[in-house]
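Here the structure comes first, spelled out in structure tokens, and everything after it is commentary.
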Amino acid sequence: MPKNNLPIFDCLPKLLDALAQHDQAVLQAPPGAGKTTQVPLSLLEQPWLKGKKIIMLEPRRVAAINAANRMAKMLGEPVGQTVGYRMRQAVNVSPHTRIEVITEGLLTRWLQDDPELSDIGIIIFDEFHERSINTDTGLALSLQARELFRDSHNPLKLLVMSATLDGAAIATLLDDAPIITSQGRSYPVDTIYYPPPKKQHGQAFNDITVHVSHTIQKAVAEQTGSVLVFLPGVGEINRTLKHLHNTLPNNTHCQPLHGNLPLKEQQAAITQTDHGKRKIVLATDIAETSLTIEGVRIVIDAGLCRSPSFDPNTGLTRLHTHNNAQSSTEQRAGRAGRMEPGICYRLWSEAAQHQRAKHATPEILAADLTPLCITLLHWGCNNPSELTWLDAPPSANWQQALNTLQLLGTIDDNQQLTPTGKRLANFACHPRLALLLLKAEHYGANKLGSTLAAILSERTPKHMDANLATIYRAATGLDTINPAHKGWQQRVQQLARQFAQGLSAKKVTADYDESDLIGLLLAHAFPERIAKLKNTNTQNTVFQLANGRAVQISTHEHLAHTPWLSIAEAGGIAGKNTDTIYAACPLNNTFFNDELKYLTKQNTLAQWDDKAGRFIAEQRTQLGKIIIQQQTQTSLPKEVKTKALLELIKNKGLDFLPWSHEATQFIARVNLLHTTIGEPWPSFSHTALLNTLDDWLAPYLSNINTLADFKKLHLLQQLHSLLPWPLPQELDILAPISIAIPSGRNAAIDYNNTPPILAVKLQEMFGCAQTPSIANGQIKLTVHLLSPAQKPLQITQDLAAFWAGGYQEVKKEMKGRYPRHPWPDDPLSMQATAKTKRRLQLDQGF
DNA sequence: CTCTCCCT
């Protein structure tokens, strides 16, 4: 098409003007405007560039190569002259190259090597709205780099280009950068909201495939052209294919499209079919931005997407299925209008559309931050808040990243990179894999290590064994492979060679079995994912990770039948309790005695086992929460055991001990004197007793082994040791256990109340005008005067007043009810007694 | 009812 038709031309003068006046700008332009090719080319002759290079970032390799190809073609040159591209796997540039299109990860690498970016005049962030963690990091570091190393005479300009992003937020971040907006160019797309029938509403996501199949049949019948269907994942794609089986007309052809398909099958899905057949492509998000399918006029959007979310609690990444954001629904619909006017079925209601999030969650908010963390530490930034972010990394994930780096031995207690950490930061891979590479170098196993790191960096084809030793043999060609996996094998081998370049060769190779070595290297890199076989049922085998979590694997896998595993990848679907093992290798546990000894800890376990109800003493070798070895400790020092038991009682509280009535009273008696008299009476409060356990209880604990032994403790006797002479004798005088009453017997005092209670039958107190007291008369007892049925008739601390007043009332009422007991008119002159009238008469000789 | 996409 003629290039002067491109919508971007209308706003190019404004953009050039803005960049001449400012050091930053935001360009908002929808797909099809022509920004990716026209903008870099139009900047070439700008005077402020002073011959420096233009760098443009693309989120994908294909996109970078395509952009470079199109620009070179417009200049009538081959790629690699004025316009070139650069990415990890491929470089096509020359000394004449002025425009370099690069993939996003490279910028961060460059900044680490040369923070001044001395030969670069402008960085263009294309497709910024995708908000990959690499883009966000690249922008944050570029902003700081130019603040530190560049000035107005030597500017580093930044241009952010975006399709659907809310431009205002990014403009604010960029020091109020001017925003230039361009029109897009595409054909109109007619949107039809077509929610599933009510019956399915509120059901699980997987039911959507029934409605999806129905919609496909309807669209094929009512419309012309090929169909692109967006589904959240492979499972839904396969289920939909099953529903559709033999239900569509003969001139149609169904095809799945997702990232785990071999390149050939992906290619088949995106190109026009032969024989004029209508194509129905069932795709994941891969077709939203990365791949364009030819001839599509109908889009069916199931309205869901599946995205990873790092869980800082488990250290694992899980997949969540959720409604796609409005920006994503627009992007998907746009796929129908690239060649001619199209139609888009949205399988939800128009009302629900407005409730969807405007934009998808940026990757930086949900990703494993370990790679970002080591990058920033290497950059000299210990706290992300020192940099400017559109969305700052979440602190829980950042903390987890620091923990991981510490576990890997790459940072010290002050969060500074160790020498190993500095070397690690220079490898272009996840810090765990970088450590794996260094360990491989140490064992003289560069090839094995670099291949393993490459396997774990690349996506492993579907249906391959989960055993990394098997995958390793496939990757190196030691075992024959499925021809469809050739491309994967080549990519792994190329990446492995690249990794190996950063390693130095040792002459001596450690003499380990191949599988053992793989397990060992993985254990170094993923120490908290070392796992021990826990239990197995008919379907799954469960392993326990060193971090305490449980993971499972199908019992059909060979890996399910080995006692120890080194796990590299595990994860799952959110909502499921147990994560699934995706990539692992058997671990030879003899390494715990040597190479992996640094990960283990010796713990002397001396504690009360609540379940067994007994004291146990063990010497344990542990790897995190996994017990590698345990041995009963026979010669445990007395102090250790005493300490453990005291700890138990402190945790459980005093009630755990076998308190007798006498002991409880004893405590209450001393406490009463402590509060009434004070010195020299000590406090026997709960806290005080807990604090003095060492003095009164500790000496008697050494023979305790079981719960029954606790019952044998004589606490009353032991508490006595807290009372020095002559306090025990004085206690019996000042706070006696019992007191003599008029009837002639000694009645018990209950010290569990304050003041203490003397509960006696009313008739036993006849003749007693003075309320009984203790502690040299300082404490009057609370007298409970009881009926013959032991019910309190009166509670008083003033007996004289009772006899003179209230007694007459009580008498009136009780005389009828208890006629056999004495109810004299003058209780003060009556002989006190516990007996009935008849017994009294008999005693008196009648 | 075995896992989205991508990159140094």
Side-chain angles (χ1 to χ4, degrees), chain A residues 57-64 86-89 102-113 127 130-138 141 204-207 209 230-239 242 257-261 283-291 304-309 316-322 324 328 360-361 363 366-367 371-372 374-375 378 424-431 433-434 453-454 457-466 491 495 498-499 502 539-540 551-557 569-576 578-583:
Chain A
L57 270 58
E58 291 294 330
R60 282 166 292 280
R61 295 176 201 159
V62 208
R86 205 192 279 264
M87 54 205 64
R88 171 156 77 177
Q89 311 260 23
I102 66 171
T103 39
E104 286 171 338
L106 272 180
L107 179 66
T108 335
R109 291 273 134 213
W110 287 359
L111 281 160
Q112 296 205 15
D113 298 340
E127 314 283 6
E130 292 191 19
R131 294 292 308 278
S132 75
I133 193 168
N134 281 330
T135 323
D136 280 11
T137 312
L141 293 184
F205 286 132
N206 51 14
D207 279 346
T209 59
F230 284 101
L231 288 159
V234 183
E236 287 83 355
I237 288 175
N238 290 336
R239 277 203 299 282
K242 221 186 241 171
L257 175 61
H258 51 82
N260 251 344
L261 286 176
T284 60
D285 261 356
I286 196 171
E288 193 173 309
T289 46
S290 315
L291 299 178
L304 299 170
C305 65
R306 191 160 287 148
S307 62
S309 182
L316 298 176
T317 296
R318 284 186 156 185
L319 289 173
H320 292 252
T321 308
H322 48 87
N324 53 337
S328 155
T361 307
E363 193 185 358
L372 173 68
I374 200 166
T375 300
H378 191 53
L424 236 63
N426 284 320
F427 281 97
C429 58
H430 193 287
L433 300 182
S457 298
E458 281 283 328
R459 186 203 298 262
T460 305
K462 233 178 151 47
H463 303 305
M464 260 201 186
D465 203 298
R491 286 196 303 279
L495 190 54
Q498 209 169 327
F499 284 146
Q539 287 182 356
N540 289 310
V551 289
Q552 64 182 21
I553 189 166
S554 163
T555 309
H556 304 303
E557 299 264 357
E569 281 169 35
I573 301 265
K576 268 194 180 178
T578 318
D579 291 292
T580 306
I581 298 168
Y582 295 130

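Below, chain A is the first sequence line, B the second, and so on; all start at residue 1.
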Whichever of A:G259 and A:K242 has the more 5' nearest nucleotide on DNA chain B, that residue is A:K242
Under 4.0 angstrom, heavy atoms only, what part of the nucleic acid is A:G235 near: base, sugar-phosphate, or nothing? nothing
Is the closest side-chain heavy-atom distance between A:E236 and A:R306 below 4.5 Å? yes
Separation of A:R131 atom CZ from B:dC5 atom C1', in whole Å? 16 Å
Within the structure shown, what part of the strands sits under 4.0 Å from A:T103 by heavy-atom distance: base, sugar-phosphate, or nothing? sugar-phosphate
Under 4.0 Å, heavy atoms only, any strand: does A:H258 hit a base, just the sugar-phosphate, or nothing? sugar-phosphate
Side-chain N or O of A:R61 less than 4.0 angstrom from OP1 or OP2 on B:dT8? yes
Contact nearer the 5' end of DNA chain B, comparing A:G233 with A:E458: A:G233
Nearest-angstrom distance from the residue atom CE of A:M464 to P of B:dT2: 20 Å
When you measure from the side chain of A:T555 to the backbone of A:Q539, do you find a donor-acceptor pair of N or O atoms at a distance under 3.5 Å? yes
Rounded to the Å, how far apart are A:R318 CZ and B:dT2 C1'? 14 Å
Mind checking A:C429 for me? I need base, sugar-phosphate or nothing, with any heavy atom below 4.0 Å counting as a touch. base
Test your reading of the model: is there a side-chain donor-acceptor pair from A:E363 to the backbone of A:S132, 3.5 Å cut-off? no
Results of salt bridge (Lys or Arg N to Asp or Glu O under 4.0 Å) for A:E458 - residues two or more places apart only: A:R491
Can you list everything that forms a salt bridge (Lys or Arg N to Asp or Glu O under 4.0 Å) with A:E569? Sequence neighbours excluded, please. none
For a 4.5 angstrom cut-off between non-hydrogen side-chain atoms, does A:R318 reach A:D579? yes
Among B:dC6, B:dT8, B:dT4, the nucleotide that comes nearest once only the side chain of A:R60 is considered: B:dC6
Measuring from the side chain of A:R459 (C-beta onward, heavy atoms only), which nucleotide among B:dC7, B:dC5, B:dT8 has the closest atom? B:dC5
Taking atom C1' of B:dC6 as reference, at what distance in whole Å does atom CG of A:D136 sit? 14 Å
Should the side chain of A:R306 and the base of B:dT4 be counted as holding a donor-acceptor pair, with the cut-off at 3.5 Å? no
How many whole angstroms separate atom CD of A:E236 from atom P of B:dC5? 12 Å
Between B:dC5 atom P and A:H320 atom NE2, what is the distance in whole Å? 17 Å
Any base atoms under 4.0 Å from A:T284, or only sugar-phosphate, or nothing? Heavy atoms, all strands. sugar-phosphate
Reckon A:S457 touches a base, only the sugar-phosphate, or nothing at all at heavy-atom distances under 4.0 Å? base
What integer distance in Å separates A:I581:CD1 from B:dT2:P? 15 Å
When the distance from CE of A:M87 to P of B:dT8 is rounded to whole Å, what number comes out? 7 Å
Describe the nucleic acid contact of A:P59 in one word from base, sugar-phosphate, nothing, applying a heavy-atom distance below 4.0 Å. sugar-phosphate
